Asker: 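One structure coming up, written as structure tokens, with questions to follow.
Naming: A, B, ... by sequence-line order, numbering from 1 per chain. If you're wondering where the values come from, they're calculated on a predicted model, not measured in any experiment.
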There are 2 protein chains.
Amino acid sequence: MEKIYSLRAEIFKALSHPIRLKIVECVSKEEKSVGEIVKYVEAEASNVSRHLALLRKAGILSDRKEGLNIYYCLEIPCVMEFFSCVNKVVKTRLELNRDMLKKI
Amino acid sequence: MEKIYSLRAEIFKALSHPIRLKIVECVSKEEKSVGEIVKYVEAEASNVSRHLALLRKAGILSDRKEGLNIYYCLEIPCVMEFFSCVNKVVKTRLELNRDMLKKI
DNA sequence: GTACTATTTGATAACATTACCAATTAATCA
DNA sequence: TGATTAATTGGTAATGTTATCAAATAGTAC
């Protein structure tokens, strides 16, 4: 398997967790401190910290230190364009479920 | 965590494996039989079969049976638009690696 | 120096994913 | 019927991911 497919897969893997998707949404408009992100996603700080590190390592977020705070922002804004397509897939799946329900 | 983030994450998870990305590429232009896909991705048939099932379950591929063969095709063409953005991230990462290399 | 706050890291246990080989199903045809 | 081909499924061991709690780091202010 050519390496390029693995490199691409890593980006999708970085986006394949609900907390990480919520983090991406949180920082998509403007940078946010870790504290703000933790409040937004409603998860344990240490857990969020790991997800942030993973997103940074994948190249999706970048960070900046200022005093005690660390601010994260979306490094690759085009990632946001994924969501309308993903919502389309999700919608189709939910509609299929609804149609199956009708048949019961 | 709202359910919608988990549903979205499942789509990304389905795309987060090199073999599955190669499968998506393989069937993106026209439907292909499992045999053709197996040749294209150069992996074990049983392995490819499981990846195909996963992509179908996620709603990304659909399948059609004809005689002994099963044909898969891309159900959600907009997925292909992800790749130019993903390549951008990959390129940035590779450039960072190159720049680090220069400093050694 | 101590105290305080923000964030990350270590250790670990629970859980999920993957590849492999063998066995199975399903369709076709002689 | 049995043989052949295409594809999937069962079992399993190896590997990877995640959440949690405690501990550590790093910056600020006194």
Asker: How do B/E66 and B/H17 order along DNA chain C: which one's closest nucleotide is nearer the 5' end?
Answerer: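 In this pair, the answer is B/H17.
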
Asker: Without decimals, in angstroms, what is the distance between B/K39 NZ and D/dA7 C1'?
Answerer: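 Answer to the nearest Å: 14 Å.
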
Asker: Roughly how many Å is it from NZ in A/K13 to P in D/dT15, rounded to a whole number?
Answerer: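 It works out to 15 Å between those atoms.
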
Asker: Taking the side chain of B/V34 as its heavy atoms from C-beta onward, which of C/dT18, C/dA26, D/dA7 lies nearest to it?
Answerer: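 Selected nucleotide: D/dA7.
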
Asker: Main chain of B/S46, side chain of B/S49: is a donor-acceptor contact present, judged purely on distance under 3.5 Å?
Answerer: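 Not confirmed, B/S49 side chain does not pair with B/S46 backbone.
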
Asker: Taking atom P of C/dT7 as reference, at what distance in whole Å does atom CG of A/L61 sit?
Answerer: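 After rounding, the reported distance stands at 14 Å.
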
Asker: Quick check: do B/V27 and B/Y40 have side-chain heavy atoms less than 4.5 Å from each other?
Answerer: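 B/V27 vs B/Y40: side chains apart.
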
Asker: Nearest whole Å is fine: how far is D/dA6 P from B/E31 CD?
Answerer: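 Atom-to-atom, B/E31 to D/dA6, this comes out as 17 Å.
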
Asker: Between B/N69 (CG) and D/dT5 (C1'), how many Å, whole number?
Answerer: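 Checked: the CG to C1' distance equals 9 Å.
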
Asker: Got a sec? Which of residues 45-59 of chain B come in under 4.0 Å of DNA chain C, heavy atoms?
Answerer: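 Those residues whose heavy atoms fall under 4.0 Å from DNA chain C, taken from residues 45-59 of chain B in numerical order, are B/S46, B/N47, B/R50, B/H51, B/L54.
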
Asker: B/H17 vs B/H51 aromatic rings, parallel, tilted or perpendicular, using cut-offs 30° and 60°?
Answerer: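 Correct class here is tilted.
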
Asker: Considering only C/dA27, C/dT7, C/dA16, which nucleotide approaches the side chain of A/S33 most closely?
Answerer: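 Selected nucleotide (nearest to the side chain): C/dT7.
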
Asker: Heavy atoms from C-beta onward define the side chain here; which of C/dA6, D/dA6, D/dT8 lies closest to that of B/Y72?
Answerer: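 So the side chain of B/Y72 is nearest to D/dT8.
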
Asker: Taking atom P of D/dA26 as reference, at what distance in whole Å does atom CG of A/L68 sit?
Answerer: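 These atoms are roughly 13 Å apart.
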
Asker: Quick one: which of D/dA6, C/dT5, C/dT7 gets closest to the side chain of A/I70?
Answerer: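 So the side chain of A/I70 is nearest to C/dT7.
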
Asker: Can you tell me how far P of C/dT8 sits from CD1 of A/I23, to the nearest Å?
Answerer: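 A/I23 atom CD1 is separated from C/dT8 atom P by 10 Å.
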
Asker: OG of A/S16 to CZ of B/R8: how many Å apart, nearest 0.5 Å?
Answerer: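 So the gap between those two atoms works out to 14.5 Å.
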
Asker: Would you confirm whether B/T92, through its side chain, and B/K88, through its main-chain N or O, come within 3.5 Å as a donor-acceptor pair?
Answerer: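 Yes, the answer is positive, given that a donor and an acceptor are paired below the 3.5 Å cut-off.
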
Asker: Can you tell me how far apart CG (A/D63) and SG (A/C73) are? Round to the nearest 0.5 Å.
Answerer: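 Going from CG on A/D63 over to SG on A/C73, the span is 9.0 Å.
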
Asker: Using atom CG of A/D63 as one end and atom P of C/dT7 as the other, report the distance to the nearest whole Å.
Answerer: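 In whole Å, C/dT7 P lies 11 Å from A/D63 CG.
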
Asker: It should be established whether B/K65 places a side-chain nitrogen or oxygen under 4.0 Å from OP1 or OP2 of nucleotide D/dA6.
Answerer: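 Checking D/dA6 against B/K65, no side-chain N or O comes under 4.0 Å of OP1 or OP2.
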
Asker: Is the shortest distance from a Lys or Arg side-chain nitrogen in A/E10 or A/K57 to a carboxylate oxygen in the other one below 4.0 Å?
Answerer: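 No, A/E10 and A/K57 are not salt-bridged.
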
